[in-house]
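To start, the structure itself, in structure tokens.
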Protein chains: 2
Amino acid sequence: MPGQRRPATMRDVAQFAGVSVRTVSNVVNDQPYVRDETRRAVKDAIAALGYRPNLIARNLRRGSTNTLALVLPRLTQPYFAELADDLLTAARDRGYAVLIDPTDESDTRSVQDVFAQLAMITDGILVDPTHLAGRVDLTSLPVPVVALTSHSGRHGEPVDRVAMDDAGGARLATAHLLESGRTQIAAVGLPPAAVTGPTGRLRLAGYLEAHREAGIDVSPRRLLAANGWDPSEGYRVMSETLDAGIPVDGVFAFNDYMAMGVIHAISAHGLRVPEDIAVVGFDDIGFSQHTSPPLTTVSPGRRRIVEAALDMLLGRIDGTRTGATEVAVVEAELVLRGSSVTKADPEA
Amino acid sequence: MPGQRRPATMRDVAQFAGVSVRTVSNVVNDQPYVRDETRRAVKDAIAALGYRPNLIARNLRRGSTNTLALVLPRLTQPYFAELADDLLTAARDRGYAVLIDPTDESDTRSVQDVFAQLAMITDGILVDPTHLAGRVDLTSLPVPVVALTSHSGRHGEPVDRVAMDDAGGARLATAHLLESGRTQIAAVGLPPAAVTGPTGRLRLAGYLEAHREAGIDVSPRRLLAANGWDPSEGYRVMSETLDAGIPVDGVFAFNDYMAMGVIHAISAHGLRVPEDIAVVGFDDIGFSQHTSPPLTTVSPGRRRIVEAALDMLLGRIDGTRTGATEVAVVEAELVLRGSSVTKADPEA
DNA sequence: TCGAATCCTTGCATCGTTACAGGCGCGTGA
DNA sequence: TCACGCGCCTGTAACGATGCAAGGATTCGA
């Protein structure tokens, strides 16, 4: 239920305290040159009237909102949920509120409009641009933008970026499988998955590179495309492969969430993980510690990505960072767990 | 990079089109009494200058922002992530942006201040109040509030509420286990888990009621407390119970996420799900379809909860809903999967 | 005692939009 | 011919805060 009284304004406070509006403003904003006595009188008035500065009016006047926007596809993808969680907390600790905008295929709005609107009501925008496929020009917005992305922006817009090391992480994951003696390693999650195309290509590149380095051939039968990076696709793709009798002794799934479905398919076929097929994922989402068996995965350094992106964005906002756009790459790390290592063979 | 040109204002458009500011406003807001010719001239000017109404100024003038706030503990809890995802999409389709505010224990701000601030920059607030434990008075805010909650508000504030049927769902889950012949059913997730106290109590109540109805005694040794509803706690609690030699042939985990840890613990002890121990969860998160085996769970009707909450909130906002606060209870539904039913015994 | 420097306080304009009330021109009925 | 109504358009005042520049009060040194 909305309260009934009109909220007190600065004018009310000024009248109550017997000073000018301007003085109240000075007190509220901790300006110097206010006598202690006056300051206290104003503070008393503020308390008595339950006054709170109207943030909208302040935003209009100051031209800033202390709000950031985060644009992503879907929070149902656990990696994004955890990324959003980290960002929400980090932004909150720095005094910023966060508006999350989901822009996936189901969105009928013009992407450019969405960004223009967000730019108007926020001080800066963080965006995962992979799913936007260049449908938006991020360079002409009136607020700074930082892209959370992987795909080399060579063909993209010159925006600040924080990238995870997709190819490098994928190489680590694949190399680990190869070193533990697997030679028939399936890659799960190739395009056409529309929203993950560029990321998928980079992770594939890492997979291929690891094979090249090990001198082991790659069979196209084990390069498995998925329509979306979720467990049901992991399940479907893996089931079909096993049904087709294609030999597989290891799987590198392009994300953990799909890997869940892969593991499910493997056990549904009466095979064991990791004895028959070792599985490695990517993302290190919370769940991955508690699958059966726990999932070996690549940690992309989510926390560091968030911090770096916030540093960049806030730097642009407060003007301490100027000049050419930058790209920060956060190193990926392999996290060994039971899905790729038997207890008898701890390796690490 | 911020663009350099000052964005065009309504005044600029007016001047360009040779009309008054007021007329531009009328065109922008589709007011009647504007000649078609004038209207087109204004629209041309808008296009020529790339004018976009300044939303902050509009918000100040109109006193509304077309933004809602969603206050939750953490998005790392998959149920909340999926709830947020549903809400984001539903709100976006109704023309509202959503600000997500995480308020957990790590938050040093005063909860009352947080709400007062949110109230100022949004048109309404959706909140999961379980973790706020009455640290905030939701009735005196200047915008409507709808609580997404379970715990009977009898001792709470008189706010609009949309509740899932925790006790009923828990009863369904437990009854299902009892009917399939299990008699030594552990309940996982009792308080002290601070943030889930009230919910946990209701789910426990349903568990107890099902036992009462079936005439089967409950052993306190199988009432297992958790410090948080995540997989690691599910794992810990279940491991300890099995280690202690407490007989268990079924588990009702108070949420799916914990159930993941429970399943992990069971297989780590060399036991099979569901043959040795059947497991049922609560929430029906996306993952649950793809654990090994897939998890039987209670679907709380997330989608319907979101729609009902939005209906309530927007009704209050636009004034079509007035008068006493309401409580909507969304029915829960049991989703049978492999973690509680063997293939030989499909039951349903 | 006077002038200047310092401290404190204040009106007014402004951010960009929408609401109010009124003005002007034209057509219509008496 | 006049009054009236209607359609279209406009000037001005808000919304509630902050920035500017100047004004009054006080203190200090000479």
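Residue numbers begin at 1 in each chain, while the letters A, B, ... track the order of the sequences.
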Do the side-chain N or O atoms of A:Thr38 get closer than 4.0 angstrom to the phosphate oxygens (OP1, OP2) of C:dC8?
no

Between A:Ser25 and D:dT18, is there a contact of a side-chain N or O with OP1 or OP2 at under 4.0 Å?
yes

Are A:Leu55 and A:Arg58 close enough, and set up right, to give a side-chain contact (heavy atoms from CB on, under 4.5 Å), and what steps lead you there?
CA-CA 5 Å; A:Leu55 298 181; A:Arg58 173 179 288 177; 4.2 Å; yes

Under 4.0 Å between any heavy atoms, over every strand shown, what does [X] touch: base, sugar-phosphate, or nothing? Just pick one.
X: A:Asn29; result: sugar-phosphate
X: B:Pro53; result: sugar-phosphate
X: B:Val19; result: sugar-phosphate

When you measure from the side chain of [X], which nucleotide among [options] comes out closest?
X: A:Arg11; options: D:dT18, C:dG16, D:dC15; value: D:dC15
X: B:Tyr51; options: C:dA21, D:dA17, C:dT17; value: C:dT17
X: A:Arg22; options: C:dT18, C:dG11, D:dA17; value: C:dG11
X: B:Ser20; options: C:dC8, D:dT10, D:dT18; value: D:dT10
X: B:Thr9; options: C:dT10, D:dA17, C:dG16; value: C:dG16
X: B:Tyr33; options: C:dC8, D:dG7, D:dG16; value: D:dG7
X: A:Arg58; options: D:dT18, C:dT17, D:dC9; value: D:dT18
X: A:Met10; options: D:dT18, D:dC9, D:dC15; value: D:dT18

Considering only NZ, NE, NH1 and NH2 on the basic side and carboxylate oxygens on the acidic side, decide whether [X] and [Y] come within less than 4.0 Å.
X: A:Arg52; Y: B:Asp113; value: yes
X: A:Arg94; Y: A:Glu307; value: yes
X: B:Arg304; Y: B:Asp86; value: no

Closest to the 5' end of DNA chain D, once B:Thr23 and B:Arg62 are matched to their nearest nucleotides, is B:Thr23

Position toward the 5' end of DNA chain D (nearest nucleotide), B:Val21 or A:Asn26:
B:Val21

Kindly indicate, with the supporting measurements, whether the criterion side-chain contact (heavy atoms from CB on, under 4.5 Å) is fulfilled by A:Leu83 and A:Phe80.
CA-CA 5 Å; A:Leu83 181 76; A:Phe80 285 128; 4.3 Å; yes

Taking atom [atom2] of [N] as reference, at what distance in whole Å does atom [atom1] of [X] sit?
X: B:Leu60; N: D:dA14; atom1: CG; atom2: C1'; answer: 9 Å
X: B:Ile121; N: D:dA17; atom1: CD1; atom2: P; answer: 15 Å
X: B:Gln31; N: C:dT18; atom1: CD; atom2: C1'; answer: 9 Å
X: B:Asn59; N: D:dA17; atom1: CG; atom2: C1'; answer: 15 Å
X: B:Asn54; N: C:dC15; atom1: CG; atom2: P; answer: 11 Å
X: B:Leu55; N: C:dT17; atom1: CG; atom2: P; answer: 9 Å
X: B:Leu49; N: C:dG16; atom1: CG; atom2: C1'; answer: 15 Å
X: B:Ile56; N: D:dT18; atom1: CD1; atom2: P; answer: 14 Å

Under a plain distance cut-off of 3.5 Å, with no hydrogens placed, do B:Thr139 and B:Asp137 share a side-chain donor-acceptor pair?
yes

May I ask you to verify whether the side chain of B:Arg61 and the base of C:dT17 hold a donor-acceptor pair under 3.5 Å?
no

